[in-house]
2 protein chains.
Amino acid sequence: MKIGELAKRSGLTAYTIRYYERIGLLPRVSRGRSNQRDYDASILNWTEFLHRLKTTGMPIRGMLQYAKLRERGPASEMERCRLLEEHRDRVRAHVAELQSCLSVLDEKIAGYAAAHRMENGHDRTRNKPARRKAAAR
Amino acid sequence: MKIGELAKRSGLTAYTIRYYERIGLLPRVSRGRSNQRDYDASILNWTEFLHRLKTTGMPIRGMLQYAKLRERGPASEMERCRLLEEHRDRVRAHVAELQSCLSVLDEKIAGYAAAHRMENGHDRTRNKPARRKAAAR
DNA sequence: CCTTGACTTAGAGCGCACTCTAACCTGTAT
DNA sequence: ATACAGGTTAGAGTGCGCTCTAAGTCAAGG
């Protein structure tokens, strides 16, 4: 597989693939004739994994750390595991934070919706703007 | 409240507060004598809200859009609401993605843990190397 | 033969969101 | 009086993660 096809299949651009190779996130693979990179399909497992780390907010520094350990073979498994566990914990914390933000967002949206209903004269009950905790719609 | 205190209370730095003012995220408040910004405590509601938008991944461009609407008063409420709804939906989608990544991460970690148990001779049951889904090596 | 398109490299450029520097000013405490 | 802690400005610099440019090589098709 040449770089263009890997780009299509991995969702990275060829630019990014070369960049990742430069910095050590992707291996320096063997070249076919005319010096072109020749990737094995198994590289896709790695790019997918990297994609997940990235999606979950791991900085390149962290991925690099993991990649370096990986290159050192099975002896590094415990440390890799530790690294992933720490990352997972951070991600979990972040998800919790997002969910808390989401509920505030929902409240606020509900507030706007309520205001809008009043403006349109749907306010038969004349309460105070109603203490509507969460839940939109 | 002067800029230093707002910085402490909001969690932003004074640099960032001035930056936000420059770009229009924070209002140009009145100055006391000697030209120093004098903030009302109510600004904290706004900085907190901005913080939540930022935490949930809204780019400054988006916050700016919201801020501009806000300055136009109640007439913009419907549009603000729409903006928040769109953002909320993106955040929800992102959270879902994170959770899917988390489960993959958990699998992988479990794989490492299993490998580690075997290595330490806790493998009484001598099955095939166990279906180590993600594992690595 | 010649064009086309995919590849190669080193290195420059970009967009984002700050973060800091330099030079200056002001109010308060000793 | 003087030092010091804070504030002010315009504008430069930083770190991240790409993204692109320029100039060149190569293989296949018309």
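Small disclaimer: the values here were computed from a predicted structure and weren't measured. Below, chain A is the first sequence line, B the second, and so on; all start at residue 1.
Going from atom NE2 of A:His51 over to atom P of D:dG17 covers 15 Å, rounded to whole Å. Atom-to-atom, NZ of A:Lys2 to P of D:dT25 comes out at 18 Å; the value is rounded to the nearest Å. The CD atom of A:Glu21 sits 16 Å away from the C1' atom of D:dC18 (whole-angstrom rounding). Rounded to an integer number of Å, the gap from CD1 of A:Ile23 to P of C:dT9 is 15 Å. Per the geometry, CD1 belonging to B:Ile60 stands 10 Å off P belonging to C:dT19, to the nearest Å. With rounding to whole Å, A:Leu6 atom CG is found 16 Å from C:dA6 atom P. Remark: C1' of D:dT9 and CZ of B:Arg22 are 9 Å apart, rounded to the nearest angstrom. Atom CZ of A:Arg33 and atom C1' of C:dA6 are 16 Å apart (whole Å).
Within the 4.0 Å cut-off from OP1 or OP2 of D:dC18, at least one side-chain nitrogen or oxygen of A:Tyr20 is found. Neither OP1 nor OP2 of D:dG7 sits under 4.0 Å from any side-chain N or O of B:Arg37.
A donor-acceptor pair under 3.5 Å links the side-chain atoms of A:Thr55 to the main chain of A:His51, judged by distance alone. Checked by atom type and distance alone, the side chain of A:Asp38 pairs as donor or acceptor with a backbone atom of A:Met1 at under 3.5 Å. The backbone N or O of B:Thr16 lies less than 3.5 Å from a partner atom in the side chain of B:Thr13, making a donor-acceptor pair.
Looking at the side chain of B:Gln36, the nearest of the listed nucleotides C:dT19, D:dT8, C:dA17 is D:dT8. Set against D:dC18, C:dT9, C:dA6, the side chain of A:Arg31 has C:dT9 as its closest nucleotide. Distance from the side chain of B:Arg61 is smallest to C:dG15 among C:dG15, C:dT19, C:dC18. Side-chain proximity of A:Lys54 to the nucleotides D:dC18, C:dT9, C:dA17 is greatest for D:dC18. If you check C:dA12, C:dA6, D:dT8 against the side chain of B:Ile3, the one that comes closest is D:dT8.
Counting heavy atoms from C-beta on, the side chains of B:Cys81 and A:Ile109 come closer than 4.5 Å.
Using a 4.0 Å heavy-atom criterion, one finds that A:Arg18 contacts the bases of the nucleic acid, with or without backbone contacts as well.
Nucleotides of DNA chain D nearest to A:Tyr15 and A:Ser34 differ in position, and the one nearer the 5' end is that of A:Tyr15. Residue order along DNA chain C, read from the 5' end via each residue's closest nucleotide, puts A:Asn35 first among B:Tyr19 and A:Asn35.
Cation-pi geometry between B:Lys108 and A:Phe49 is satisfied (NZ or CZ under 6.0 Å from the ring centre, within 45° of the ring normal).
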